[in-house]
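Read through the structure below, which is laid out as structure tokens, and then see the notes.
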Amino acid sequence: MTFKPFDLTGKVALITGGNGGIGLGMAEGLAAAGATVAIWGQNPAKNAKAEETLKAYGGEVLVRQVDVADEAAVVAEMAHVLKTFGRLDFVAANAGVGGGAPFDQMTTEAWRRVTTVNLDSVFWTFREAAKHMIERAKAGDPGGSLLVTSSTSAIHGAPKNQAYASTKAGVQAMIRGLAVEYARYGIRANAVLPGWIRSDMTARAQAWDKFNEQVIGRVPMRRWGDPEDFSGLAVYLASDASRFHTGDSMVIDGGYTIY
């Protein structure tokens, strides 16, 4: 295979939770680099807006309304992507939910909601994608890249947010296992750990002056992260430029966790 760093022409990418925030930032970077892009999201209005944004880059785009907490839906929609495009080269399992509460007051129902979306759905998404990538490798076309959106909550204390933090640490462990198991097929697996990023999930914190002063004020770069800050990472991990990069957890937080 000819080495084409950062050229995604002919590659097909799927981003779950790709209709906004970090997911859309990744999707835009991939589309701009020439990839065919499929995104999954639950909100019809956000899906339509994201589709319009991505089609402006001139490539093929597929937008589907998918609840990643439904295993059957994940299986069916992965099959639909593969039927539509014939292959899948890059999968970003980015869909996630919060759900903080005092630990001693958290209900099992709330805990299960977070773990199902943030952990189980990653398992289902990567399992179905891996079946295709392994089959393709055995047919003489090895390769593929899996990326999960973890969080800096996985590496620092997250009071009243243990369900979220547990899932984000869990997917890091999953990624390391996948990197070792699937290297023989040329499949890479990595995680990204975002810090405080502008998105619907952080809208309340963005409007909270005290939070901005005390938390964002200690970010060395002195700002919130933006979704487009993840465009380059997605392109890198989807491209041949990262063909020897696997099993990693990359922190993108403006220096927050080291300060």
Side-chain angles (χ1 to χ4, degrees), residues 6 13 15-33 35 37 39-41 43 46 49-50 53-54 57 90-100 114 117-118 122 145-161 163-169 171-172 175 190-239 241-242 245 248-259:
F6 308 115
I15 305 91
T16 72
N19 63 2
I22 291 172
L24 183 56
M26 289 181 180
E28 287 199 66
L30 296 165
V37 178
I39 63 172
W40 293 351
N43 185 304
K46 288 180 65 176
K49 186 175 181 180
T53 297
L54 295 173
Y57 290 96
F90 176 73
V91 177
N94 169 76
V97 295
V114 175
V117 175
N118 293 1
V122 176
S145 178
L146 306 174
L147 173 65
V148 69
T149 300
S150 178
S151 168
T152 53
S153 293
I155 56 176
H156 65 66
K160 300 181 181 180
N161 215 10
Y164 181 80
S166 296
T167 62
K168 295 306 183 179
V171 295
Q172 283 187 270
I175 280 293
N190 292 284
V192 59
L193 282 64
W196 295 106
I197 312 300
R198 296 183 190 278
S199 69
D200 291 345
M201 190 182 293
T202 61
R204 289 182 62 187
Q206 291 174 50
W208 186 7
D209 291 342
K210 187 175 182 180
F211 184 91
N212 279 278
E213 178 184 347
Q214 295 188 356
V215 179
I216 305 305
R218 63 166 277 200
V219 175
M221 298 196 80
R222 295 297 188 270
R223 70 171 177 88
W224 283 83
D226 292 310
E228 54 263 36
D229 293 327
F230 296 82
S231 301
L233 177 70
V235 172
Y236 166 69
L237 290 175
S239 75
S242 61
H245 193 164
D248 199 4
S249 293
M250 290 158 276
V251 177
I252 298 184
D253 68 349
Y256 178 78
T257 55
I258 61 171
Y259 184 52

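The chain is numbered in sequence order, starting from 1.
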So do [Y] and [X] actually touch side chain to side chain, heavy atoms under 4.5 Å?
| X | Y | answer |
| --- | --- | --- |
| V251 | I258 | no |
| T202 | W224 | yes |
| Q172 | L193 | yes |
| P194 | T149 | yes |
| P227 | L24 | no |

Nearest atoms (heavy-atom pairs only) where A95 meets N118 |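 That would be O-OD1, 4.4 Å.
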
Between E228 and E28, is a side chain to side chain contact (heavy atoms under 4.5 Å, CB included) present by the stated rule, with each step listed?
-> CA-CA 8 Å; E228 54 263 36; E28 287 199 66; over 6 Å; no

Donor-acceptor contact present, side-chain T16 to main-chain N94, <3.5 Å =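 It does hold such a pair.
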
Expected output: side-chain R222 to main-chain I216 donor-acceptor under 3.5 Å =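 Answer holds: no.
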
What distance separates [X] [atom1] from [Y] [atom2], expressed to the nearest 0.5 Å?
| X | Y | atom1 | atom2 | answer |
| --- | --- | --- | --- | --- |
| M250 | L147 | CE | CG | 6.5 Å |
| D229 | M221 | CG | CE | 8.0 Å |
| I22 | I15 | CD1 | CD1 | 13.0 Å |
| W196 | T152 | CH2 | OG1 | 7.0 Å |
| N190 | L233 | CG | CG | 8.5 Å |

Evaluate the side chain to side chain donor-acceptor pair (under 3.5 Å) criterion for residues H245 and Y236: first the C-alpha distance (whole Å), next the side-chain angles of each, then the deciding distance (0.1 Å), finally the verdict.
-> CA-CA 10 Å; H245 193 164; Y236 166 69; 2.7 Å; yes

Carefully, step by step, assess H156 and D253 under the rule side chain to side chain contact (heavy atoms under 4.5 Å, CB included).
-> CA-CA 13 Å; H156 65 66; D253 68 349; over 6 Å; no

Counting only heavy atoms not in R204, do more than 12 sit closer than 6.0 Å to its CZ atom?
->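 For R204, atom CZ is not crowded (no more than 12 foreign heavy atoms under 6.0 Å).
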
When you look at NZ of K49, are more than 12 heavy atoms from neighbouring residues, nucleotides or ligands closer to it than 6.0 Å?
->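 For K49, atom NZ is not crowded (no more than 12 foreign heavy atoms under 6.0 Å).
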
Start with the C-alpha distance between L30 and Y57, add both sets of side-chain angles, then the distance that settles side chain to side chain contact (heavy atoms under 4.5 Å, CB included), and finish with yes or no.
-> CA-CA 10 Å; L30 296 165; Y57 290 96; over 6 Å; no

